[in-house]
Participant: 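A single structure is presented below for examination.
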Amino acid sequence: MAIVQAVVASVGWTFLAVVLLYAGFRLFDLLDPIDYQHEIRNGNIAAGIIVAAIILSLAAIVVTVILT
């Protein structure tokens, strides 16, 4: 029974983390005037690097919030 509770807890925390990452990225997308999706489709590597950095930064923040 303890294994089932651990799996349910893991799924719940994972769902919360995904929701927080999505909300954080959407907030960044709303606040920044640059359309990164369009820039990435046009082959702008710098825009892809910025988006990757934002996602990694948000992931670090979410992990820290969940663990504390």
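Heavy-atom basis, side chains included; hydrogens, waters and symmetry copies ignored. Quick caveat, the model's predicted, so the values are computed rather than measured.
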Participant: Using distance only, find each side-chain donor-acceptor pair of residues 3-21 under 3.5 Å and give its atom names and separation, not counting sequence neighbours.
Facilitator:
residue: Ser10; atom: OG; partner: Ala6; partner atom: O; Å: 3.0
residue: Thr14; atom: OG1; partner: Ser10; partner atom: O; Å: 2.7

Participant: Can you tell me which residue pairs pass the side chain to side chain donor-acceptor pair (under 3.5 Å) test with a partner in residues 39-48, sequence neighbours excluded?
Facilitator: His38-Asn42, Glu39-Asn44
Participant: State which residues pass salt bridge (charged side-chain N to carboxylate O under 4.0 Å, His left out) with Asp29; sequence neighbours excluded, sorted by chain then number.
Facilitator: Arg26
Participant: Determine all donor-acceptor pairs shorter than 3.5 Å in which one atom belongs to a side chain in residues 48-67; sequence neighbours excluded.
Facilitator:
residue: Ser57; atom: OG; partner: Ala53; partner atom: O; Å: 2.8
residue: Thr64; atom: OG1; partner: Ala60; partner atom: O; Å: 2.8

Participant: Got a sec, which residues hit ring-ring contact (aromatic ring centres under 6.0 Å, His included) with Phe25, two or more places apart in sequence or on another chain?
Facilitator: none
Participant: Transitive ILVMFWY cluster of Leu31 at side-chain heavy atoms under 4.5 Å: who else is in it?
Facilitator: Leu27
